Amino acid sequence: MGLTLNVPAGEVFGLLGHNGAGKTTTVNLLTTLLEPSSGDATINGHSVTADAAGVRRSIGYLPENVQFYDDLTLLENLRFFARLSGLRRPDARIRDVLSFLDFEGHDNQKIGMFSKGMRQRVGIAQAVLHEPAVLFLDEPTSGLDPEGVRTLRETIVRLNREFGMTVFMNTHLLSEVTKTCTSIGILNHGALVHHDSLANTLAAFPAEDSLEDIYFRLDVTSPS
Amino acid sequence: MTTLLTSARHEVLCILRAGVALLLLAVFLCMVSLSSVIGWITNTTVTRVYEKVLTDGLTTAPNPFTAVSPLYYARNSVIYVVLIGALLAIVLGVQSTLRDRKSTTSDLVLSRPVNTISRLAGTLVGLGVVIAAVLLLSTVISWGSISIIVGAPLGPDPSLRLAVFAALSWALMMIFALLGMLTGLHSRKETTALLVPFVVWSAVTFVLPQIGANARPVALLNPVPALITTGTNSFDLVGAITGPFAITEQFKRAAGIALQDESLTGSPTASIVLLGAFLMAMTWIVLATSRRQLRSGLNE
(Lines give C-alpha, C1' and ligand atoms only; values in the text may rest on other atoms or scores of the structure.)
Protein backbone atom coordinates (compact mmCIF):
# COMPACT_ATOMS: atom_id res chain seq x y z
CA MET A 1 0.00 0.00 0.00
CA GLY A 2 1.35 3.48 -0.84
CA LEU A 3 1.80 6.41 1.48
CA THR A 4 2.07 10.04 0.35
CA LEU A 5 2.96 12.48 3.06
CA ASN A 6 4.60 15.91 3.39
CA VAL A 7 5.80 17.22 6.73
CA PRO A 8 7.09 20.81 6.52
CA ALA A 9 10.29 21.78 8.35
CA GLY A 10 9.77 22.95 11.91
CA GLU A 11 6.67 20.82 12.56
CA VAL A 12 6.09 18.37 15.38
CA PHE A 13 4.27 15.69 13.45
CA GLY A 14 2.46 12.83 15.14
CA LEU A 15 1.76 9.67 13.16
CA LEU A 16 -1.15 7.87 14.75
CA GLY A 17 -2.60 4.47 14.13
CA HIS A 18 -3.54 1.16 15.66
CA ASN A 19 -1.05 -1.60 16.34
CA GLY A 20 0.12 -3.01 13.02
CA ALA A 21 -1.02 0.04 11.04
CA GLY A 22 2.50 0.53 9.63
CA LYS A 23 3.83 3.36 11.82
CA THR A 24 7.14 1.69 12.72
CA THR A 25 7.61 0.44 9.15
CA THR A 26 7.13 4.03 7.93
CA VAL A 27 9.75 5.32 10.38
CA ASN A 28 12.12 2.48 9.46
CA LEU A 29 11.79 3.44 5.79
CA LEU A 30 12.33 7.12 6.50
CA THR A 31 15.37 6.45 8.68
CA THR A 32 16.80 4.15 5.94
CA LEU A 33 16.77 1.14 8.24
CA LEU A 34 14.53 -0.53 5.64
CA GLU A 35 14.79 -0.19 1.88
CA PRO A 36 11.52 0.60 0.10
CA SER A 37 10.39 -2.01 -2.44
CA SER A 38 9.15 0.91 -4.56
CA GLY A 39 8.70 4.66 -4.26
CA ASP A 40 10.92 7.20 -2.52
CA ALA A 41 11.00 9.71 0.28
CA THR A 42 13.01 12.88 0.76
CA ILE A 43 14.30 13.94 4.16
CA ASN A 44 15.83 17.41 4.44
CA GLY A 45 16.48 17.31 0.69
CA HIS A 46 18.05 13.83 0.64
CA SER A 47 16.45 10.84 -1.04
CA VAL A 48 16.21 7.66 1.07
CA THR A 49 16.94 5.57 -2.02
CA ALA A 50 19.58 7.66 -3.81
CA ASP A 51 21.29 9.41 -0.90
CA ALA A 52 20.78 7.28 2.20
CA ALA A 53 24.02 8.59 3.75
CA GLY A 54 22.74 12.16 3.37
CA VAL A 55 19.49 11.18 5.09
CA ARG A 56 21.42 9.56 7.96
CA ARG A 57 23.49 12.71 8.46
CA SER A 58 20.27 14.75 8.73
CA ILE A 59 18.35 12.65 11.20
CA GLY A 60 18.31 11.60 14.82
CA TYR A 61 16.44 8.44 15.77
CA LEU A 62 15.01 7.11 18.98
CA PRO A 63 13.60 3.58 18.58
CA GLU A 64 10.89 2.11 20.76
CA ASN A 65 12.37 0.48 23.90
CA VAL A 66 15.80 1.92 23.21
CA GLN A 67 18.74 -0.18 24.43
CA PHE A 68 22.40 0.67 24.93
CA TYR A 69 25.65 -1.08 25.79
CA ASP A 70 24.86 -1.86 29.41
CA ASP A 71 28.47 -2.55 30.45
CA LEU A 72 29.58 0.87 29.28
CA THR A 73 29.04 4.16 31.08
CA LEU A 74 26.72 6.93 29.92
CA LEU A 75 29.67 8.95 28.63
CA GLU A 76 31.20 5.97 26.78
CA ASN A 77 27.88 5.18 25.12
CA LEU A 78 27.31 8.78 24.03
CA ARG A 79 30.91 9.17 22.82
CA PHE A 80 30.48 6.11 20.62
CA PHE A 81 27.28 7.34 18.99
CA ALA A 82 28.61 10.89 18.66
CA ARG A 83 31.75 9.69 16.88
CA LEU A 84 29.69 7.48 14.57
CA SER A 85 27.74 10.64 13.71
CA GLY A 86 31.00 12.36 12.75
CA LEU A 87 31.75 14.39 15.91
CA ARG A 88 35.51 14.18 16.43
CA ARG A 89 35.76 15.67 19.95
CA PRO A 90 32.29 15.06 21.29
CA ASP A 91 32.74 15.65 25.04
CA ALA A 92 31.80 19.34 25.05
CA ARG A 93 28.71 18.67 22.94
CA ILE A 94 27.73 15.73 25.17
CA ARG A 95 27.92 17.99 28.25
CA ASP A 96 25.77 20.62 26.51
CA VAL A 97 23.13 18.05 25.58
CA LEU A 98 23.07 16.47 29.04
CA SER A 99 22.76 19.92 30.56
CA PHE A 100 19.90 20.75 28.18
CA LEU A 101 18.17 17.52 29.24
CA ASP A 102 18.88 18.29 32.91
CA PHE A 103 20.62 14.93 33.14
CA GLU A 104 23.97 15.71 34.68
CA GLY A 105 25.91 13.75 37.28
CA HIS A 106 25.50 10.30 35.68
CA ASP A 107 28.46 10.43 33.28
CA ASN A 108 30.42 7.54 34.74
CA GLN A 109 27.51 5.31 35.71
CA LYS A 110 26.93 2.15 33.71
CA ILE A 111 23.76 2.35 31.64
CA GLY A 112 22.78 -1.14 32.80
CA MET A 113 21.88 0.49 36.13
CA PHE A 114 19.55 3.08 34.56
CA SER A 115 15.75 3.07 34.85
CA LYS A 116 13.50 3.13 31.80
CA GLY A 117 12.96 6.87 32.16
CA MET A 118 16.70 7.53 32.40
CA ARG A 119 17.37 5.36 29.34
CA GLN A 120 14.78 7.31 27.39
CA ARG A 121 16.59 10.55 28.20
CA VAL A 122 19.86 8.99 27.09
CA GLY A 123 17.98 7.91 23.97
CA ILE A 124 17.02 11.52 23.27
CA ALA A 125 20.59 12.62 24.02
CA GLN A 126 22.14 10.20 21.51
CA ALA A 127 19.55 11.23 18.91
CA VAL A 128 20.29 14.98 19.11
CA LEU A 129 24.07 14.95 19.74
CA HIS A 130 24.87 15.79 16.14
CA GLU A 131 22.15 18.47 15.92
CA PRO A 132 20.03 16.73 13.30
CA ALA A 133 17.48 18.63 11.25
CA VAL A 134 14.84 15.94 11.75
CA LEU A 135 14.20 13.85 14.83
CA PHE A 136 12.36 10.53 14.51
CA LEU A 137 10.77 9.12 17.66
CA ASP A 138 9.11 5.71 17.64
CA GLU A 139 6.60 5.40 20.49
CA PRO A 140 8.77 7.61 22.72
CA THR A 141 6.45 7.43 25.74
CA SER A 142 6.17 3.63 25.69
CA GLY A 143 6.71 2.20 29.18
CA LEU A 144 7.29 5.57 30.86
CA ASP A 145 5.64 6.63 34.11
CA PRO A 146 3.55 9.87 34.11
CA GLU A 147 6.53 11.95 35.24
CA GLY A 148 8.71 10.46 32.50
CA VAL A 149 6.00 11.17 29.93
CA ARG A 150 5.76 14.80 31.01
CA THR A 151 9.54 15.28 30.97
CA LEU A 152 9.81 13.75 27.51
CA ARG A 153 6.93 15.85 26.20
CA GLU A 154 8.56 19.05 27.47
CA THR A 155 11.89 18.01 25.94
CA ILE A 156 10.32 17.42 22.53
CA VAL A 157 8.59 20.79 22.59
CA ARG A 158 11.82 22.55 23.66
CA LEU A 159 13.86 20.83 20.92
CA ASN A 160 11.35 22.04 18.39
CA ARG A 161 11.01 25.59 19.70
CA GLU A 162 14.59 26.33 20.76
CA PHE A 163 16.47 24.57 17.97
CA GLY A 164 13.85 24.46 15.21
CA MET A 165 14.17 20.69 15.02
CA THR A 166 11.48 18.96 12.96
CA VAL A 167 10.02 16.08 14.94
CA PHE A 168 8.36 13.02 13.42
CA MET A 169 6.76 11.00 16.17
CA ASN A 170 4.96 7.67 16.12
CA THR A 171 2.48 7.14 18.87
CA HIS A 172 -0.88 5.78 19.78
CA LEU A 173 -1.22 7.96 22.87
CA LEU A 174 -3.71 10.53 21.61
CA SER A 175 -3.50 12.69 24.74
CA GLU A 176 0.22 13.20 24.15
CA VAL A 177 -0.34 14.18 20.56
CA THR A 178 -2.74 16.94 21.61
CA LYS A 179 -0.13 18.38 23.99
CA THR A 180 2.92 18.02 21.74
CA CYS A 181 2.17 17.92 18.01
CA THR A 182 1.44 20.73 15.58
CA SER A 183 0.20 18.37 12.86
CA ILE A 184 -0.99 14.78 12.70
CA GLY A 185 -1.43 11.92 10.29
CA ILE A 186 -3.58 8.88 10.90
CA LEU A 187 -2.60 5.53 9.41
CA ASN A 188 -5.13 2.78 8.99
CA HIS A 189 -3.96 -0.59 7.66
CA GLY A 190 -1.02 1.05 5.85
CA ALA A 191 -3.06 3.88 4.30
CA LEU A 192 -3.02 7.52 5.39
CA VAL A 193 -6.67 8.32 6.16
CA HIS A 194 -6.09 11.79 7.59
CA HIS A 195 -3.33 14.42 7.47
CA ASP A 196 -3.66 18.01 8.66
CA SER A 197 -2.57 20.43 11.34
CA LEU A 198 -3.86 19.67 14.80
CA ALA A 199 -5.80 22.95 14.90
CA ASN A 200 -7.49 22.24 11.55
CA THR A 201 -8.26 18.68 12.60
CA LEU A 202 -9.96 19.79 15.81
CA ALA A 203 -11.82 22.54 13.91
CA ALA A 204 -12.99 20.13 11.21
CA PHE A 205 -14.83 17.98 13.74
CA PRO A 206 -16.61 20.52 15.99
CA ALA A 207 -19.06 17.89 17.19
CA GLU A 208 -16.29 15.76 18.68
CA ASP A 209 -14.99 16.51 22.17
CA SER A 210 -11.45 15.25 21.74
CA LEU A 211 -8.87 13.89 19.32
CA GLU A 212 -9.79 10.44 20.58
CA ASP A 213 -13.38 10.93 19.39
CA ILE A 214 -12.12 12.18 16.02
CA TYR A 215 -9.84 9.17 15.77
CA PHE A 216 -12.73 6.76 16.18
CA ARG A 217 -14.96 8.89 13.97
CA LEU A 218 -12.43 8.24 11.22
CA ASP A 219 -13.09 4.54 11.81
CA VAL A 220 -9.53 3.66 12.70
CA THR A 221 -9.76 0.15 14.04
CA SER A 222 -7.26 -2.53 14.90
CA PRO A 223 -7.33 -5.65 12.71
CA SER A 224 -9.44 -8.25 14.47
CA MET B 1 37.84 5.82 8.53
CA THR B 2 36.04 7.42 11.48
CA THR B 3 33.56 4.55 11.61
CA LEU B 4 36.35 1.98 11.47
CA LEU B 5 38.40 3.57 14.25
CA THR B 6 35.33 4.30 16.39
CA SER B 7 34.08 0.73 16.00
CA ALA B 8 37.54 -0.68 16.78
CA ARG B 9 37.88 1.40 19.93
CA HIS B 10 34.33 0.51 20.96
CA GLU B 11 35.02 -3.19 20.48
CA VAL B 12 38.12 -3.07 22.67
CA LEU B 13 36.16 -1.24 25.38
CA CYS B 14 33.26 -3.73 25.26
CA ILE B 15 35.64 -6.71 25.51
CA LEU B 16 37.44 -5.16 28.47
CA ARG B 17 34.09 -4.68 30.24
CA ALA B 18 32.76 -8.20 29.53
CA GLY B 19 33.42 -10.51 32.45
CA VAL B 20 33.44 -13.80 30.56
CA ALA B 21 35.92 -12.58 27.99
CA LEU B 22 38.26 -11.29 30.68
CA LEU B 23 38.06 -14.60 32.51
CA LEU B 24 39.02 -16.49 29.34
CA LEU B 25 41.89 -14.09 28.72
CA ALA B 26 43.15 -14.71 32.24
CA VAL B 27 42.91 -18.50 31.77
CA PHE B 28 44.84 -18.27 28.50
CA LEU B 29 47.62 -16.19 30.02
CA CYS B 30 47.77 -18.54 33.03
CA MET B 31 48.13 -21.55 30.75
CA VAL B 32 50.91 -19.92 28.72
CA SER B 33 52.73 -19.02 31.93
CA LEU B 34 52.15 -22.54 33.20
CA SER B 35 53.68 -23.92 30.02
CA SER B 36 56.99 -22.30 30.92
CA VAL B 37 56.70 -23.35 34.55
CA ILE B 38 56.13 -26.97 33.46
CA GLY B 39 59.20 -26.70 31.21
CA TRP B 40 61.22 -25.25 34.07
CA ILE B 41 60.10 -28.01 36.49
CA THR B 42 60.93 -30.67 33.87
CA ASN B 43 64.34 -29.12 33.27
CA THR B 44 65.11 -28.85 37.00
CA THR B 45 63.97 -32.41 37.73
CA VAL B 46 65.83 -33.99 34.81
CA THR B 47 68.98 -31.95 35.51
CA ARG B 48 68.90 -32.93 39.19
CA VAL B 49 68.54 -36.64 38.29
CA TYR B 50 71.25 -36.27 35.64
CA GLU B 51 73.67 -34.69 38.11
CA LYS B 52 73.00 -37.47 40.63
CA VAL B 53 73.58 -40.11 37.97
CA LEU B 54 76.72 -38.27 36.80
CA THR B 55 78.05 -38.02 40.36
CA ASP B 56 77.45 -41.73 40.83
CA GLY B 57 79.47 -42.35 37.67
CA LEU B 58 76.58 -44.08 35.94
CA THR B 59 76.74 -41.98 32.76
CA THR B 60 79.15 -39.99 30.68
CA ALA B 61 76.50 -38.72 28.28
CA PRO B 62 75.80 -34.97 28.23
CA ASN B 63 72.76 -33.48 29.98
CA PRO B 64 69.85 -34.08 27.57
CA PHE B 65 68.72 -30.47 28.10
CA THR B 66 72.05 -29.01 27.05
CA ALA B 67 71.38 -29.59 23.36
CA VAL B 68 67.72 -28.65 23.53
CA SER B 69 66.57 -25.39 21.96
CA PRO B 70 65.45 -22.87 24.59
CA LEU B 71 62.17 -22.69 22.69
CA TYR B 72 61.48 -26.24 23.85
CA TYR B 73 59.93 -24.69 26.96
CA ALA B 74 57.34 -22.81 24.91
CA ARG B 75 56.29 -25.85 22.90
CA ASN B 76 53.21 -26.63 24.98
CA SER B 77 51.87 -23.18 24.16
CA VAL B 78 51.07 -24.51 20.66
CA ILE B 79 48.34 -26.77 22.03
CA TYR B 80 47.06 -24.05 24.38
CA VAL B 81 46.52 -21.80 21.40
CA VAL B 82 44.65 -24.58 19.56
CA LEU B 83 42.50 -25.50 22.56
CA ILE B 84 42.02 -22.43 24.74
CA GLY B 85 43.06 -19.66 22.37
CA ALA B 86 40.70 -20.77 19.59
CA LEU B 87 37.77 -21.10 22.00
CA LEU B 88 38.52 -17.69 23.49
CA ALA B 89 38.58 -16.22 19.98
CA ILE B 90 35.22 -17.84 19.17
CA VAL B 91 33.59 -16.37 22.29
CA LEU B 92 34.99 -12.91 21.54
CA GLY B 93 33.90 -13.15 17.90
CA VAL B 94 30.36 -14.25 18.71
CA GLN B 95 29.96 -11.52 21.33
CA SER B 96 31.24 -8.84 18.97
CA THR B 97 28.47 -9.29 16.44
CA LEU B 98 25.72 -10.70 18.64
CA ARG B 99 25.93 -7.73 21.02
CA ASP B 100 24.15 -5.32 18.68
CA ARG B 101 21.56 -7.87 17.56
CA LYS B 102 20.80 -8.91 21.12
CA SER B 103 20.35 -5.43 22.53
CA THR B 104 18.92 -4.01 19.25
CA THR B 105 21.56 -1.26 19.31
CA SER B 106 22.14 -2.05 15.64
CA ASP B 107 19.26 0.33 14.76
CA LEU B 108 20.98 3.17 16.62
CA VAL B 109 24.21 2.41 14.79
CA LEU B 110 22.71 1.92 11.32
CA SER B 111 20.56 5.06 11.47
CA ARG B 112 23.87 6.98 11.41
CA PRO B 113 26.08 7.61 8.37
CA VAL B 114 27.82 4.30 8.88
CA ASN B 115 29.16 2.09 6.13
CA THR B 116 28.51 -1.60 6.86
CA ILE B 117 31.97 -2.71 5.75
CA SER B 118 33.68 -0.05 7.87
CA ARG B 119 31.57 -1.00 10.87
CA LEU B 120 32.41 -4.72 10.57
CA ALA B 121 36.04 -4.01 9.70
CA GLY B 122 36.29 -1.80 12.78
CA THR B 123 34.88 -4.56 14.96
CA LEU B 124 37.37 -6.96 13.41
CA VAL B 125 40.27 -4.57 14.01
CA GLY B 126 39.17 -4.23 17.65
CA LEU B 127 39.15 -8.01 18.03
CA GLY B 128 42.52 -8.22 16.31
CA VAL B 129 44.01 -5.64 18.66
CA VAL B 130 42.72 -7.45 21.76
CA ILE B 131 43.97 -10.84 20.54
CA ALA B 132 47.31 -9.30 19.54
CA ALA B 133 47.63 -7.71 22.99
CA VAL B 134 46.92 -11.04 24.68
CA LEU B 135 49.51 -12.79 22.51
CA LEU B 136 52.04 -10.02 23.04
CA LEU B 137 51.61 -10.36 26.78
CA SER B 138 51.88 -14.16 26.61
CA THR B 139 54.99 -13.87 24.40
CA VAL B 140 56.62 -11.48 26.85
CA ILE B 141 55.78 -13.91 29.68
CA SER B 142 57.25 -16.81 27.68
CA TRP B 143 60.35 -14.82 26.75
CA GLY B 144 60.94 -13.84 30.37
CA SER B 145 60.27 -17.33 31.75
CA ILE B 146 62.53 -19.03 29.20
CA SER B 147 65.28 -16.49 29.82
CA ILE B 148 65.08 -17.26 33.54
CA ILE B 149 65.16 -21.02 32.86
CA VAL B 150 68.19 -20.91 30.55
CA GLY B 151 69.90 -18.33 32.75
CA ALA B 152 70.40 -15.67 30.06
CA PRO B 153 68.22 -13.39 27.93
CA LEU B 154 67.05 -15.06 24.74
CA GLY B 155 69.06 -14.07 21.69
CA PRO B 156 67.69 -12.47 18.50
CA ASP B 157 67.00 -15.76 16.68
CA PRO B 158 64.85 -17.46 19.36
CA SER B 159 63.19 -14.11 20.12
CA LEU B 160 62.26 -13.74 16.46
CA ARG B 161 60.99 -17.30 16.41
CA LEU B 162 58.77 -16.56 19.42
CA ALA B 163 57.44 -13.52 17.55
CA VAL B 164 56.70 -15.68 14.49
CA PHE B 165 54.89 -18.16 16.73
CA ALA B 166 52.82 -15.28 18.16
CA ALA B 167 51.97 -14.09 14.64
CA LEU B 168 50.86 -17.60 13.61
CA SER B 169 48.79 -17.88 16.80
CA TRP B 170 47.17 -14.53 15.98
CA ALA B 171 46.25 -15.77 12.49
CA LEU B 172 44.69 -18.97 13.86
CA MET B 173 42.79 -17.17 16.60
CA MET B 174 41.52 -14.55 14.14
CA ILE B 175 40.18 -17.30 11.87
CA PHE B 176 38.13 -18.62 14.77
CA ALA B 177 37.15 -15.10 15.87
CA LEU B 178 35.84 -14.52 12.33
CA LEU B 179 33.93 -17.80 12.50
CA GLY B 180 32.37 -16.55 15.75
CA MET B 181 31.52 -13.20 14.15
CA LEU B 182 29.87 -15.01 11.26
CA THR B 183 27.64 -17.19 13.43
CA GLY B 184 26.93 -14.17 15.67
CA LEU B 185 25.64 -12.37 12.58
CA HIS B 186 23.57 -15.17 11.12
CA SER B 187 22.26 -17.33 13.98
CA ARG B 188 18.72 -16.89 15.14
CA LYS B 189 19.55 -17.83 18.72
CA GLU B 190 22.44 -16.99 21.03
CA THR B 191 22.97 -20.66 21.90
CA THR B 192 23.26 -21.60 18.23
CA ALA B 193 25.67 -18.74 17.64
CA LEU B 194 28.01 -20.21 20.24
CA LEU B 195 27.36 -23.89 19.55
CA VAL B 196 27.97 -23.89 15.79
CA PRO B 197 31.55 -22.53 15.89
CA PHE B 198 32.40 -24.92 18.73
CA VAL B 199 31.18 -27.83 16.61
CA VAL B 200 33.17 -26.56 13.61
CA TRP B 201 36.24 -26.11 15.82
CA SER B 202 35.99 -29.65 17.21
CA ALA B 203 35.49 -31.05 13.70
CA VAL B 204 38.51 -29.14 12.36
CA THR B 205 40.68 -29.98 15.37
CA PHE B 206 39.74 -33.60 15.99
CA VAL B 207 37.63 -35.13 13.22
CA LEU B 208 39.48 -33.98 10.09
CA PRO B 209 42.95 -35.04 11.33
CA GLN B 210 41.50 -38.39 12.42
CA ILE B 211 39.91 -39.24 9.11
CA GLY B 212 42.86 -37.84 7.18
CA ALA B 213 45.74 -39.40 9.09
CA ASN B 214 44.29 -42.17 11.21
CA ALA B 215 45.55 -40.19 14.19
CA ARG B 216 44.49 -41.20 17.65
CA PRO B 217 42.33 -38.57 19.34
CA VAL B 218 44.77 -38.33 22.26
CA ALA B 219 47.61 -37.71 19.82
CA LEU B 220 45.72 -34.65 18.63
CA LEU B 221 46.20 -33.10 22.06
CA ASN B 222 49.94 -33.09 21.45
CA PRO B 223 51.59 -29.97 20.13
CA VAL B 224 53.08 -32.09 17.32
CA PRO B 225 50.93 -32.24 14.17
CA ALA B 226 49.21 -35.52 13.37
CA LEU B 227 49.22 -35.03 9.60
CA ILE B 228 51.66 -37.84 8.87
CA THR B 229 52.09 -40.03 5.84
CA THR B 230 50.46 -43.31 6.73
CA GLY B 231 51.46 -45.36 3.74
CA THR B 232 47.84 -46.48 3.52
CA ASN B 233 46.35 -45.41 0.21
CA SER B 234 42.88 -44.61 1.55
CA PHE B 235 44.21 -42.39 4.38
CA ASP B 236 46.69 -40.70 2.04
CA LEU B 237 43.85 -39.88 -0.35
CA VAL B 238 41.47 -38.61 2.35
CA GLY B 239 44.36 -36.81 4.06
CA ALA B 240 45.22 -34.99 0.84
CA ILE B 241 41.62 -33.74 0.64
CA THR B 242 40.99 -32.94 4.31
CA GLY B 243 44.54 -31.84 5.22
CA PRO B 244 44.21 -28.27 3.94
CA PHE B 245 41.00 -27.83 5.95
CA ALA B 246 42.58 -29.15 9.15
CA ILE B 247 43.88 -25.67 9.92
CA THR B 248 44.77 -26.43 13.52
CA GLU B 249 47.13 -29.15 12.27
CA GLN B 250 48.54 -26.73 9.71
CA PHE B 251 49.07 -24.27 12.55
CA LYS B 252 50.75 -26.93 14.68
CA ARG B 253 53.11 -27.74 11.84
CA ALA B 254 54.09 -24.12 11.12
CA ALA B 255 54.31 -23.26 14.83
CA GLY B 256 56.34 -26.40 15.56
CA ILE B 257 58.89 -25.50 12.88
CA ALA B 258 59.03 -21.91 14.19
CA LEU B 259 59.71 -23.25 17.69
CA GLN B 260 62.46 -25.57 16.38
CA ASP B 261 60.63 -28.82 17.05
CA GLU B 262 63.17 -31.39 15.82
CA SER B 263 60.44 -33.89 14.92
CA LEU B 264 59.27 -31.55 12.14
CA THR B 265 61.19 -31.13 8.92
CA GLY B 266 60.58 -29.29 5.69
CA SER B 267 59.21 -25.85 4.99
CA PRO B 268 56.23 -24.32 6.81
CA THR B 269 55.35 -22.23 3.74
CA ALA B 270 52.37 -24.34 2.61
CA SER B 271 50.87 -24.30 6.12
CA ILE B 272 51.38 -20.54 6.45
CA VAL B 273 49.81 -19.92 3.02
CA LEU B 274 46.80 -22.05 3.99
CA LEU B 275 46.33 -20.14 7.26
CA GLY B 276 46.58 -16.85 5.36
CA ALA B 277 44.09 -18.03 2.73
CA PHE B 278 41.57 -19.04 5.41
CA LEU B 279 42.04 -15.71 7.18
CA MET B 280 41.40 -13.74 4.01
CA ALA B 281 38.44 -15.86 2.92
CA MET B 282 36.75 -15.59 6.32
CA THR B 283 37.38 -11.83 6.41
CA TRP B 284 35.80 -11.42 2.99
CA ILE B 285 32.73 -13.46 3.99
CA VAL B 286 32.20 -11.46 7.20
CA LEU B 287 32.67 -8.07 5.51
CA ALA B 288 30.15 -9.04 2.82
CA THR B 289 27.34 -9.17 5.41
CA SER B 290 24.33 -7.07 4.43
CA ARG B 291 22.81 -4.18 6.42
CA ARG B 292 19.61 -6.18 6.74
CA GLN B 293 21.48 -9.03 8.41
CA LEU B 294 23.24 -6.64 10.78
CA ARG B 295 19.91 -5.41 12.15
CA SER B 296 18.13 -8.77 12.19
CA GLY B 297 16.85 -9.67 15.62
CA LEU B 298 17.10 -12.91 17.55
CA ASN B 299 14.23 -15.36 17.98
CA GLU B 300 14.43 -15.39 21.76
Side-chain angles (χ1 to χ4, degrees), chain A residues 24 27-35 43 46 48 51-73 75-90 110-112 119 122-127 129-130 132 134-138, chain B residues 1-23 25 91-92 95-123 125-126 130 184 190 290-298 300:
Chain A
T24 297
V27 165
N28 283 345
L29 288 165
L30 297 176
T31 53
T32 73
L33 289 169
L34 285 179
E35 280 181 39
I43 311 287
H46 304 281
V48 295
D51 184 16
V55 172
R56 289 174 202 140
R57 274 192 289 274
S58 304
I59 63 165
Y61 173 53
L62 174 67
E64 189 179 2
N65 298 319
V66 64
Q67 298 289 322
F68 297 96
Y69 302 100
D70 285 353
D71 290 333
L72 303 190
T73 65
L75 207 52
E76 288 163 346
N77 269 282
L78 291 181
R79 275 185 193 138
F80 172 63
F81 290 114
R83 288 192 177 117
L84 283 185
S85 300
L87 300 181
R88 293 196 173 204
R89 289 184 181 80
K110 286 188 178 177
I111 286 205
R119 280 168 186 265
V122 182
I124 292 283
Q126 64 78 30
L129 277 172
H130 51 299
V134 187
L135 181 61
F136 285 95
L137 309 170
D138 191 1
Chain B
M1 201 59 175
T2 309
T3 301
L4 193 145
L5 291 177
T6 302
S7 297
R9 195 187 316 197
H10 177 70
E11 186 56 37
V12 173
L13 197 57
C14 286
I15 291 172
L16 292 179
R17 291 287 165 78
V20 178
L22 278 183
L23 184 71
L25 292 176
V91 172
L92 294 181
Q95 282 187 350
S96 72
T97 47
L98 205 62
R99 194 182 300 122
D100 274 343
R101 293 180 65 210
K102 210 169 138 185
S103 61
T104 63
T105 40
S106 47
D107 279 2
L108 291 182
V109 172
L110 295 174
S111 64
R112 291 179 150 75
V114 167
N115 174 285
T116 312
I117 294 175
S118 300
R119 168 77 181 134
L120 286 167
T123 305
V125 169
V130 170
E190 187 176 4
S290 66
R291 277 179 78 81
R292 180 181 287 197
Q293 194 58 47
L294 275 181
R295 69 178 297 266
S296 63
L298 296 174
E300 286 178 338

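Each chain gets a letter, A, B and so on, in the order its sequence line appears, and its residues count up from 1. Everything numeric in this text was worked out from a predicted model, so none of it was measured.
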Engineer: If I take atom CG from residue A:Leu72 and atom CG from residue B:Leu16, how far apart are they, to the nearest 0.5 angstrom?
Structural biologist: 10.0 Å

Engineer: Taking side chain as everything from C-beta outward and backbone as N, CA, C, O, which of these in B:Asp100 sits under 4.5 Å from a heavy atom of chain A? Side chain, backbone, both or neither.
Structural biologist: side chain

Engineer: Sort out for me which of A:Arg79, A:Arg57, A:Gln67, A:Glu35 touches chain B most, counting heavy-atom pairs under 4.5 Å.
Structural biologist: A:Gln67

Engineer: When rounded to the nearest 0.5 angstrom, what distance separates CZ in A:Phe68 from OG1 in B:Thr104?
Structural biologist: 9.5 Å

Engineer: In Å, rounded to the nearest 0.5 Å, how long is the span from CD1 of A:Ile111 to OG of B:Ser103?
Structural biologist: 11.0 Å

Engineer: If I measure from the heavy atoms of chain A, does B:Thr2 come under 4.5 Å with its side chain, its backbone, both, or neither?
Structural biologist: side chain

Engineer: Going by heavy atoms in the side chains, are A:Leu34 and B:Arg295 under 4.5 Å from each other?
Structural biologist: yes

Engineer: If you look at every heavy atom in B:Pro113 and A:Ser85, which pair is closest and at what distance?
Structural biologist: CD-CA, 4.4 Å

Engineer: Name the region of A:Asp70, side chain, backbone, both or neither, that has any atom closer than 4.5 Å to a heavy atom of chain B.
Structural biologist: neither

Engineer: With a 4.5 angstrom heavy-atom cut-off, is it the side chain or the backbone of A:Val55 that approaches chain B, or both, or neither?
Structural biologist: neither

Engineer: Can you name the closest pair of heavy atoms from B:Ser111 and A:Leu33 and give their distance?
Structural biologist: N-CD2, 3.9 Å

Engineer: Check the pair B:Leu13, A:Phe80 against side-chain contact (heavy atoms from CB on, under 4.5 Å), reporting the backbone distance first and the verdict last.
Structural biologist: CA-CA 10 Å; B:Leu13 197 57; A:Phe80 172 63; over 6 Å; no

Engineer: Measuring heavy-atom distances to chain B, does A:Gln126 have an atom under 4.5 Å in its side chain, in its backbone, in both, or in neither?
Structural biologist: both

Engineer: Nearest 0.5 Å please: distance from the CG atom of B:Leu108 over to the OH atom of A:Tyr61.
Structural biologist: 8.0 Å

Engineer: Need one label for B:Arg119: side chain, backbone, both or neither, based on atoms under 4.5 Å from any heavy atom in chain A.
Structural biologist: side chain

Engineer: Please classify the contact of A:Thr73 with chain B as side chain, backbone, both or neither, using a heavy-atom distance under 4.5 Å.
Structural biologist: both

Engineer: Between A:Glu76 and B:Arg17, does any side-chain N to carboxylate O distance fall below 4.0 Å?
Structural biologist: yes

Engineer: Looking at CZ of B:Arg291 and OG1 of A:Thr32, how far apart are the two atoms once the value is rounded to the nearest 0.5 Å?
Structural biologist: 5.0 Å

Engineer: State the CG-CZ distance between A:Leu129 and B:Arg112, to the nearest 0.5 angstrom.
Structural biologist: 7.0 Å

